[in-house]
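Each remark here refers to the structure printed beneath this line.
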Amino acid sequence: MAIPTTRAKDKGQIAINQKKCTGCGLCVSVCKDFSLVIKDGLATTSETEVFGCIGCGHCMAICPTGAITINGREISPDDLFTLPSASEAAHYENLLALLQRRRSIREYTTEPVDPSLTDRILKAAATAPMGLPPSDVHVMILDTPQKVRQFAADFCQYLETMKWIASRWFLALMRPFWSKSNDELFKKFVRPLISIYTEGMKKGDNLVLYDAPLAMYFYGSPYADPADPLIAATYAMLAAESLGLGTCMLGAVHPMIQNGRKAASFRKKYNIRYTSREGVFVIFGHPAVKYSKGVNRSFAAVDFYKEQNK
Ligand SMILES: Cc1cc2nc3c(=O)[nH]c(=O)nc-3n(C[C@H](O)[C@H](O)[C@H](O)COP(=O)(O)O)c2cc1C
Ligand code: SF4
Ligand code: SF4
């Protein structure tokens, strides 16, 4: 048995060099697939695995003697690297300052984003926890303002043909099947949004991707957890912030290009390989505005569960 993704259908191949194994049991304790056991004082593969080795690499990364290696599911011993030291890593205060300094930026200078920055953003974003390995997150990149504008113009043209989705008759038809909040969202958010995008584009204003010099669309595959692309996008955003770039997450394109023939041909034009339950754009550029103040944000609720009296 193996968990399928678009990149792997088979389980990882576990190899244990018992001559190097000390029987410390670390690999067994970190393998949540129960693929490993200690038998006669040495690590060996178990007969009670859950899904079959998912290729997370935990065992290989923790083994102090290099006795265990994993191949398959896009992983091999060549993927191991030595972790940066704790003193090199950002401490809470640095990290909090970076997080606090980030504001969504939709106003950019005409300076292009150097391709080396794009590479650094992708390198950092690829470290995100992205569900079951190998990651099924895909990134479609528009790396010039011309490509960004073309995408937005095509999207608006496509939206012109999709206006019925927020029309009065369609919402009335769907009302018995949809929740009240969905109905409200379509009336008060989706309908005006479609109109703002399409009318804006007619006047030459790109309110879809704000004419950023760089845009990345993070999306999953039908196998991926909906959270996977969103977490990767968040990492990309923070990496870009650390490189002095402004960013903004844009969620409106993704749900509109999932269903139907027209959506399929739109995706094909932009080499968007799969439909997915979630996806998000992040736009990047050199900020043309500078904030000196932040705005406090809060969660809708933070509830510590209190045990009931028995
Ligand atoms: C999933 C997601 C989707 C978003 N979609 C859009 C969008 O389509 N258009 C837009 O202008 N901003 C979008 N935003 C940006 C938010 O509106 C932004 O976070 C908000 O303005 C708060 O500003 P801050 O990020 O500076 O705190 C999105 C943010 C998230 C997290
Ligand atoms: S790679 Fe992950 S799932 Fe596979 S044996 Fe090692 S710890 Fe277990
Ligand atoms: S972590 Fe390495 S040395 Fe320890 S039991 Fe597993 S394979 Fe053997």
Side-chain angles (χ1 to χ4, degrees), residues 1-3 8 10-46 48-77 79-80 99-107 132-134 152 155 189-190 193-194 196-197 200 206-210 212 215 217-218 226-227 229-231 233-234 236-238 241 246-256 278-283 287 289 291 293-298:
M1 203 168 65
I3 300 176
D10 299 322
K11 61 184 180 179
Q13 298 302 309
I14 306 165
I16 301 166
N17 181 343
Q18 291 195 329
K19 286 193 187 120
K20 287 188 181 175
C21 179
T22 62
C24 68
L26 284 170
C27 57
V28 176
S29 64
V30 296
C31 179
K32 301 309 176 219
D33 183 60
F34 304 103
S35 285
L36 303 166
V37 285
I38 297 287
K39 204 169 156 193
D40 300 329
L42 296 172
T44 187
T45 51
S46 93
T48 52
E49 60 183 21
V50 182
F51 304 111
C53 171
I54 60 169
C56 68
H58 267 23
C59 54
M60 201 162 60
I62 205 163
C63 177
T65 65
I68 187 161
T69 52
I70 304 295
N71 280 283
R73 294 187 76 83
E74 304 281 330
I75 188 175
S76 83
D79 292 314
L80 286 176
L99 299 174
Q100 286 179 323
R101 283 181 61 81
R102 185 205 63 81
R103 294 204 60 72
S104 288
I105 298 288
R106 302 174 181 84
E107 302 78 20
L132 291 158
F155 180 65
F189 180 58
V190 178
L193 193 70
I194 292 178
I196 287 166
Y197 281 170
N206 176 1
L207 301 175
V208 182
L209 299 178
Y210 299 100
Y217 172 49
F218 293 83
L230 308 188
I231 300 170
T234 307
M237 199 177 196
L238 296 176
E241 179 74 28
T247 62
C248 186
M249 262 192 197
L250 306 171
V253 173
H254 172 80
M256 300 301 297
E278 265 303 352
V280 74
F281 260 99
V282 185
I283 52 173
V289 293
Y291 288 92
K293 295 259 193 309
V295 180
N296 278 328
R297 301 269 186 238
S298 58

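Order of appearance sets the numbers: ligands from 1, and atoms from 1 within every ligand. From a predicted model like this one, the values you see are computed outputs, not experimental measurements.
- With rounding to the nearest 0.5 angstrom, the CD atom of Glu107 is 9.0 Å from the SG atom of Cys248.
- One option in Ala61, Gly12, Gly57, Pro133 has a heavy atom closer to atom 1 (S) of ligand 2 than any other, and that option is Gly57.
- Within a 6.0 Å radius of NZ in Lys39, no more than 12 heavy atoms belonging to other residues, nucleotides or ligands are found.
- Between the choices Arg106, Glu278, Met249, the shortest heavy-atom distance to atom 14 (N) of ligand 1 belongs to Met249.
- The Arg103 neighbourhood of ligand 1 comprises atoms 26 (O), with distances under 4.0 Å to a heavy atom of that residue.
- Given atom 3 (S) of ligand 2, the protein heavy atom at minimum distance is Ile54 N, 3.5 Å.
- The count of protein N, O or S atoms under 2.8 Å from atom 6 (Fe) of ligand 3 stands at 1, with waters excluded from the count.
- Residue Tyr197 approaches ligand 1 through these ligand atoms, each under 4.0 Å from one of its heavy atoms: 8 (O).
- With distances taken over non-hydrogen atoms, the option nearest atom 3 (C) of ligand 1 out of Gly279, Gly251, Ala233 is Gly251.
- If you number the atoms of ligand 2 from 1 as listed, the ones under 4.0 Å from a heavy atom of Cys31 come out as 3 (S), 5 (S), 7 (S), 8 (Fe).
- A 4.5 Å side-chain heavy-atom check between Ile14 and Ile68 finds at least one atom pair inside the cut-off.
- Enclosure of atom CG in Asp79 by more than 12 non-hydrogen atoms of other residues, nucleotides or ligands within 6.0 angstrom is indicated.
- Applying the 4.0 Å criterion to heavy atoms of Thr65 picks out, from ligand 3, the atoms 3 (S).
- Those atoms of ligand 2 that come under 4.0 Å of a heavy atom in Ile70, given as number and element, are 1 (S), 6 (Fe).
- The atoms of ligand 1 that sit less than 4.0 Å from any heavy atom of Ala252 are 8 (O).
- Closest to atom 4 (Fe) of ligand 2 among all protein heavy atoms lies Cys53 SG, 2.3 Å.
- Taking 4.0 Å as the cut-off, Tyr210 counts as a neighbour of ligand 1 on heavy-atom distance.
- For Arg297 against Arg103, the heavy-atom pair with the smallest separation is NH2-NH2, 3.5 Å.
- Remark: Leu36 CG to Cys27 SG distance equals 5.0 Å, nearest 0.5 Å.
- With values rounded to the nearest 0.5 angstrom, Leu26 atom CG is found 5.0 Å from Ile62 atom CD1.
- The protein non-hydrogen atom at the shortest distance from atom 9 (N) of ligand 1 is Leu250 CD2, 3.3 Å.
- When side chains are defined from C-beta on, Ile3 counts as touching Arg73, because their heavy atoms get closer than 4.5 Å.
- Nearest to atom 23 (O) of ligand 1 by heavy atom, out of Arg297, Met237, His254, Arg102, is Arg297.
- Of all the atoms in ligand 2, the ones that sit under 4.0 Å from a non-hydrogen atom of Ile14 are 5 (S).
- Side-chain N or O atoms of Asn17 include none that pairs as donor or acceptor with a backbone N or O of Ala67 at under 3.5 Å.
- Put simply, Cys56 gets within reach of atom 2 (Fe) of ligand 2, with an N, O or S atom under 2.8 Å from it.
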